[in-house]
Amino acid sequence: MPEARWAAAALVLFLIALPLYLAGAPAWTWGTLFAAVYATGGWEPGWAGLRALREKTLDVDLLMVVAALGAAAIGQVLDGALLIVIFATSGALEAIATARTADSVRGLLDLAPATATRVADDGTEETVPGDRLAVGEIILVRPGERIGADGRVLDGAGEVDQATITGEPLPVPKAPGDEVFAGTLNGTGALRVKVERDPSESVIARIVAMVEEASGTKAPTQLFIEKVEQRYSLGMVAATVALFVFPLLVGADLRSTLLRAMTFMIVASPCAVVLATMPPLLSAIANAGRHGVLVKSAVVMERLGQVDAVALDKTGTLTEGTPRVTDVRPLPGSGLPEDEVLRLAAAAEHPSEHPLARAIVDAARDRGLDIPLVRDFGSAPGTGVSATVEGRTVAVGSPARLPDGRTGGPAGEEAAATEAAAAPESAGAPESAGTLDVAGAPESTGALDVAQALEEEGRTAVLVTVNGRPAGVLGIADRLRDEAAATVAALGELARATPVLVTGDNPRAAARLAGEVGIDDVRAGLLPQDKVAAVREWERAGHKVLVVGDGVNDAPALAAAHTGIAMGRAGSDLALETADAVVVRDELATVPAVVRLSRRARRLVVQNLVVAAVFITGLVIWDLAGTLPLPLGVAGHEGSMVIVGLNGLRLLADGAWRRARAGTDR
């Protein structure tokens, strides 16, 4: 971007000129380079200030350029160049963040397929642009395709990955009558879907609209100095002009009057105030970045310390976002030990690409179990998998989806496999295993009891049968992050209110997890627009809300919130670009740490502003009431800049981050 190129050029030129200046090189060497810094870094903010002046406003951009030129006029070339570089870099970062967010919003539209297969009344198929689909038309969604429109399944069965919409960690079983969303990914089954919404009104299109609206209407937040820039700028300019004109009208000497006015402009210029504000915030940004948190601007770093309410997503934020085997429970009548049940299940699932299949295989590998080769592998969309393992027929699936329990080969044992066990985190997970009935075998009662117990604990119950008889039940769940409970407690202490859980997952799974981490207020089953509505409700009540999330479905809430933080490792591109900060290393515990660091930076800003105000006030009074020598005025002005600059740089130390992680922002 042009802003980035000009800012980079100014920074490079400054870094080249600085050692020459400090080493006492000939003035023409560093003078030429500093002049280039003024030109490359100052023309854009200067032009922006002139445009604002044309609109009858005086902003800090123009004031900074004037102050930099004034410093150069009295020989303080280095100070003026430093101001130019700071302002140019800040403007470039803001422009880049805005542009990348816009690109990500546009890229979100790519989730919805460009074309769809429309089925005519006579059964013929036609490929048409997705935006030409009309309500009431029928589309065919083949395995592995993205669904072209919001609608309802007419026939077919399969699992749909709808994490982009609801944030659910696992594919959701779909059968006739179930709702599906545009942009979600179909699994192994073919679906015929009746279009129920115009493409422009689909959930994915509304997410785009909400992100754009929230980004555009979020109240502009400014650094503290910018909030008073109009009054300060006008007052300083008016006072300088008055100090020059009025004495001349009463016959004062031109040279002495000009010198007094120039001295006043230097000592009253907001250089120290700008340095009072920026170094603490920029130092905090650099420190957080070294420890895995990318804060996108000084404004964001300032806002982080203001939050007094926290909303947390569930999947991928408080949890790892990946299903894992949590329980292996062999049935007493099977005669198989725990590891053997898991080994056979992993062997049957090994050819499958389903997330739950990978979880079972990973669990077996973690235990060091040998996974044998299989034959006669079979998978039925929406029901499950079966295979022959070492001469035994093994089926893996949800107890609730076994047809009638009768055995006799793969046809009856492709049972409700992993694909059907879409997890309690998935809205379609079965509430009980009440349909289990394996030929009336005694083991069926034990399997039913175990499955119900696991599901009551918020697990997905996955039944393993060997030669048609229940052998064991696996419990699978999205694992809670180790630091989740401590992070919730820390954020609650910082905000002085317990965080709220906002998730698209089903209420039972959400309530279970909330209980584990100490959250009382749970908002479950939310679509993206519902999360935005919740954030706006809290902000209307006067709260400054921090939202932490990771998915496309979280992006509108991240944009609407006072401050949004995205989990970086598994976060969607849209969430990463929409958020104000990104946890690059996926360490949830860094969220309260960066909030504490922000609060310490804000305190240093206040300290610096007090120091700057004392110096400016004292020097201005001296200049107005007596005769302040220009060199002494410059020395006082520069001294205040050095003091506030060094004070702000304290946050660069690793100790500042360690204290923030340890639970103190002092």
Side-chain angles (χ1 to χ4, degrees), residues 1-51 53 59-96 223 225 233 262-263 265-283 285-286 289 297-298 612 630-631 633-649 652:
M1 295 185 63
E3 294 90 345
R5 290 197 296 269
W6 288 116
L11 178 60
V12 170
L13 290 167
F14 180 83
L15 293 177
I16 296 173
L18 182 61
L20 296 175
Y21 176 85
L22 297 176
W28 66 267
T29 57
W30 50 262
T32 303
L33 291 169
F34 278 136
V37 171
Y38 281 75
T40 55
W43 81 267
E44 280 204 332
W47 183 246
L50 290 174
R51 288 200 305 268
L53 194 61
D59 65 15
V60 79
D61 288 342
L62 184 59
L63 195 61
M64 284 301 96
V65 173
V66 171
L69 293 175
I74 61 168
Q76 305 299 318
V77 180
L78 175 62
D79 300 326
L82 179 59
L83 279 178
I84 291 291
V85 169
I86 288 176
F87 262 73
T89 303
S90 176
L93 291 175
E94 182 179 355
I96 290 171
L223 294 173
I225 183 57
S233 301
M262 179 64 72
T263 303
M265 187 185 76
I266 294 302
V267 299
S269 69
C271 302
V273 176
V274 172
L275 288 179
T277 304
M278 295 301 290
L281 297 173
L282 294 178
S283 297
I285 289 173
S297 72
L630 180 59
V634 171
H637 179 262
E638 299 304 309
S640 66
M641 292 177 63
V642 170
I643 292 173
V644 299
L646 291 177
N647 191 40
L649 293 178
L652 282 174

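Computed from a predicted structure; not experimentally measured.
- A25 is linked by a side chain to side chain contact (heavy atoms under 4.5 Å, CB included) to L20, T29, W30, counting only residues two or more places apart in sequence or in another chain.
- Interatomic distance, CG of L281 versus CD1 of I285, reported as 6.5 Å (0.5 Å rounding).
- Residues passing the side chain to side chain contact (heavy atoms under 4.5 Å, CB included) test with S283, sequence neighbours excluded: L649, L651, L652.
- No option in L78, L33, V37, L13 other than L78 meets the side chain to side chain contact (heavy atoms under 4.5 Å, CB included) test with L18.
- Taking every heavy atom of both residues into account, Y38 and A81 meet most closely at OH-N, 3.3 Å.
- A search for side chain to side chain contact (heavy atoms under 4.5 Å, CB included) contacts involving L15 returns L11, not counting sequence neighbours.
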